[in-house]
Amino acid sequence: MTGCAGFIGFHVTRRLLDAGDEVVGLDNLNAYYPPALKRARLARLAGERRFDFHEADLIDRDRVAVPADGADAIVHLAAQAGVRYGLDEPFAYQRSNLEGHLSVLEAARRCATPPRVIWASSSSVYGGNAKVPFSEDDRVDDPVSLYAATKRAGELMAHSYRGLFGLDIVALRLFTVYGPWGRPDMAYWRFTEAIEDGRPIELFGPLDAGRDMTFIDDVVDGIVACIRRPVPHETINLGNSEPVALERLVDLVERATGKHAQRIRRPAQPGDVPITFADIRRARETLGYDPKVKAEEGIARFVEWYRRYRERGP
């Protein structure tokens with residue numbers, strides 16, 4: 001499990017351990033957002049005898065290896081996340097999303113019996129597609145951010161390794177995953193934090209811009225199903241298939257906190273797209289994927305967790 005201290009990696013690791021699986025976890029605990037949050041997630045896994053954690057960077061190729069007794073799957077979730085960060089730190093994406101990704105592909109192909117590789121691509125690969133919902137068969141050759149470009153490059157790298165070495169590789173295109181233990185750089189967290197602190201929130205771009213917000217438990221269901229089931233596809237969307245407009249997201253956070261937000265309007269930022277919207281028919285048919293948590297419930301559950309987290313600290 002790469003990125004085991006990250007938001008999604010932590011939750012998938014927890015689910016697998018609860019199911020009796022053994023997990024070897026790698027994470028470099030970088031400072032893109034506070035490492036204290038990552039260490040707090042790891043603390044929730046401490047003492048699990050079936051969990052073996054290694055602090056390591058994927059670009060250190062010698063540290064990326066499948067255990068000698070093999071593995072059923074490599075779940076590769078480590079990446080440099082975020083669209084806007086690429087404007088200032090582009091080489092972070094090159095290191096993590098290209099070099100690090102290649103390290104994982106090489107680790108898989110060096111195995112006597114290569115495990116399935118399940119990795120996190122992104123809805124960002126669809127760019128500014130006007131056709132919605134986004135289907136896995138749509139063209140994805142017009143990325144509007146460096147992050148999106150590196151994720152699409154990762155898909156092409158994986159495709160070449162399938163052909164060259166016969167690897168079983170599945171790219172899961174994730175759509176705006178949110179929930180407890182999430183990422184502080186994401187809008188729902190930033191809005192909650194500002195409203196709770198009595199600070200204004202900044203709204204970038206049109207208020208009707210929609211994001212297909214997908215609750216963490218539903219995404220974990222999809223990832224674990226991808227480990228357990230045969231998968232004939234290279235790419236699968238994991239979304240909620242119900243985009244949430246920016247204005248509605250603010251309303252949901254206000255309702256969950258019981259507080260009113262002070263709004264500051266800003267222009268759209270480079271790399272933003274007007275909508276993300278997942279066609280999840282392939283995930284339903286292949287994985288039995290059935291997202292259950294609506295935005296109202298998901299945001300309320302996040303705010304409840306956030307208040308507890310703030311009270312007790314990381």
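It should be emphasised that the depicted structure is a prediction, and the values quoted were computed from it without experimental measurement.
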Salt-bridge test for [X] and [Y]: reply yes if a basic N is under 4.0 Å from a carboxylate O, no otherwise.
{"X": "D251", "Y": "R255", "answer": "no"}
{"X": "R282", "Y": "E285", "answer": "no"}
{"X": "D279", "Y": "K131", "answer": "no"}
{"X": "R307", "Y": "E196", "answer": "yes"}
{"X": "R95", "Y": "E89", "answer": "no"}
{"X": "D72", "Y": "R116", "answer": "no"}
{"X": "R173", "Y": "E136", "answer": "no"}
{"X": "E296", "Y": "R248", "answer": "yes"}
{"X": "R15", "Y": "D221", "answer": "yes"}
{"X": "E304", "Y": "R301", "answer": "no"}

Check whether [X] reaches the backbone of [Y] with its side chain - one donor and one acceptor, N or O, closer than 3.5 Å.
{"X": "R109", "Y": "L167", "answer": "no"}
{"X": "S121", "Y": "L172", "answer": "no"}
{"X": "N28", "Y": "A56", "answer": "no"}
{"X": "Q80", "Y": "N97", "answer": "no"}
{"X": "D27", "Y": "A5", "answer": "yes"}
{"X": "R110", "Y": "A65", "answer": "no"}
{"X": "K292", "Y": "D218", "answer": "no"}
{"X": "R152", "Y": "V125", "answer": "no"}
{"X": "D138", "Y": "S135", "answer": "yes"}
{"X": "S241", "Y": "A278", "answer": "yes"}

Do you see a donor-acceptor pair shorter than 3.5 Å between the side chains of K294 and N240? no
Contact check, side chains of [X] and [Y], non-hydrogen atoms, under 4.5 Å:
{"X": "V273", "Y": "R211", "answer": "yes"}
{"X": "R183", "Y": "L37", "answer": "no"}
{"X": "H11", "Y": "V219", "answer": "no"}
{"X": "Y161", "Y": "L102", "answer": "yes"}
{"X": "L42", "Y": "L29", "answer": "yes"}
{"X": "Y33", "Y": "K38", "answer": "yes"}

Is it the case that the ring center of F302 lies less than 6.0 angstrom away from the ring center of Y178? no
If Ile, Leu, Val, Met, Phe, Trp and Tyr residues are connected whenever their side-chain heavy atoms lie under 4.5 Å apart, and connections chain through other members, are [X] and [Y] in the same group?
{"X": "V23", "Y": "I216", "answer": "yes"}
{"X": "F191", "Y": "W181", "answer": "yes"}
{"X": "V220", "Y": "I74", "answer": "no"}
{"X": "L156", "Y": "L164", "answer": "no"}
{"X": "L174", "Y": "V104", "answer": "no"}

Within a reach of under 6.0 Å around [atom1] of [X], are more than 12 heavy atoms found that belong to other residues, nucleotides or ligands?
{"X": "H233", "atom1": "NE2", "result": "yes"}
{"X": "R281", "atom1": "CZ", "result": "no"}
{"X": "R61", "atom1": "CZ", "result": "no"}
{"X": "R308", "atom1": "CZ", "result": "yes"}

For the residue pair [X] and [Y], what are the closest heavy atoms and their distance?
{"X": "G239", "Y": "T214", "answer": "CA-OG1, 3.3 Å"}
{"X": "L246", "Y": "P206", "answer": "CD2-O, 3.9 Å"}
{"X": "F215", "Y": "G179", "answer": "CE1-CA, 3.8 Å"}
{"X": "T286", "Y": "P230", "answer": "CG2-O, 4.2 Å"}
{"X": "I169", "Y": "R162", "answer": "O-NH1, 2.7 Å"}
{"X": "V83", "Y": "S145", "answer": "CG1-CB, 3.6 Å"}

Can you measure from [atom1] ([X]) to [atom2] ([Y]) and round to the nearest 0.5 angstrom?
{"X": "L98", "Y": "I59", "atom1": "CG", "atom2": "CD1", "value": "11.5 Å"}
{"X": "S103", "Y": "L26", "atom1": "OG", "atom2": "CG", "value": "10.5 Å"}
{"X": "F165", "Y": "D168", "atom1": "CZ", "atom2": "CG", "value": "15.5 Å"}
{"X": "Y289", "Y": "I223", "atom1": "OH", "atom2": "CD1", "value": "9.5 Å"}
{"X": "E48", "Y": "F53", "atom1": "CD", "atom2": "CZ", "value": "15.0 Å"}
{"X": "E22", "Y": "R49", "atom1": "CD", "atom2": "CZ", "value": "8.0 Å"}

Pick from I264, V253, I195: which one makes a side chain to side chain contact (heavy atoms under 4.5 Å, CB included) with I201?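 The residue from I264, V253, I195 that satisfies side chain to side chain contact (heavy atoms under 4.5 Å, CB included) with I201 turns out to be I195.
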In terms of relative ring orientation, are W119 and H101 parallel, tilted or perpendicular, with 30° and 60° separating the classes?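 It falls in the tilted class, 30° to 60°.
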Using 30° and 60° as the class boundaries, would you call the ring planes of F175 and F134 parallel, tilted or perpendicular?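 Taking F134 first and then F175, their aromatic rings sit tilted (interplane angle of 30° to 60°).
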After noting the C-alpha distance and the side-chain angles of D290 and R284, does the key distance pass the salt bridge (charged side-chain N to carboxylate O under 4.0 Å, His left out) rule? CA-CA 6 Å; D290 183 25; R284 289 189 189 277; 3.1 Å; yes
Can you list the steps and then say if R50 with D21 is a side-chain contact (heavy atoms from CB on, under 4.5 Å)? CA-CA 7 Å; R50 296 186 307 277; D21 293 291; 6.0 Å; no
Pair T150, Q94 - check side-chain contact (heavy atoms from CB on, under 4.5 Å), show working. CA-CA 7 Å; T150 59; Q94 173 246 327; over 6 Å; no
Applying side-chain contact (heavy atoms from CB on, under 4.5 Å) to R265 and L207, what does each step give before you reach the verdict? CA-CA 9 Å; R265 298 292 306 280; L207 296 179; 3.7 Å; yes
With K151 as the cation and Y93 as the aromatic partner, state whether NZ or CZ is under 6.0 Å from the six-membered ring centre and within 45° of the axis.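 Because its charged atom misses either the 6.0 Å distance or the 45° angle limit, K151 does not stack over Y93.
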Start with the C-alpha gap between R84 and F204, add the side-chain angles, then the distance that decides, and say whether side-chain contact (heavy atoms from CB on, under 4.5 Å) holds. CA-CA 12 Å; R84 296 166 188 167; F204 293 91; 4.1 Å; yes
In sequence, state the C-alpha distance, the side-chain angles, and the governing distance for R263 and E254, and then conclude on salt bridge (charged side-chain N to carboxylate O under 4.0 Å, His left out). CA-CA 12 Å; R263 295 165 168 84; E254 287 180 323; 3.4 Å; yes
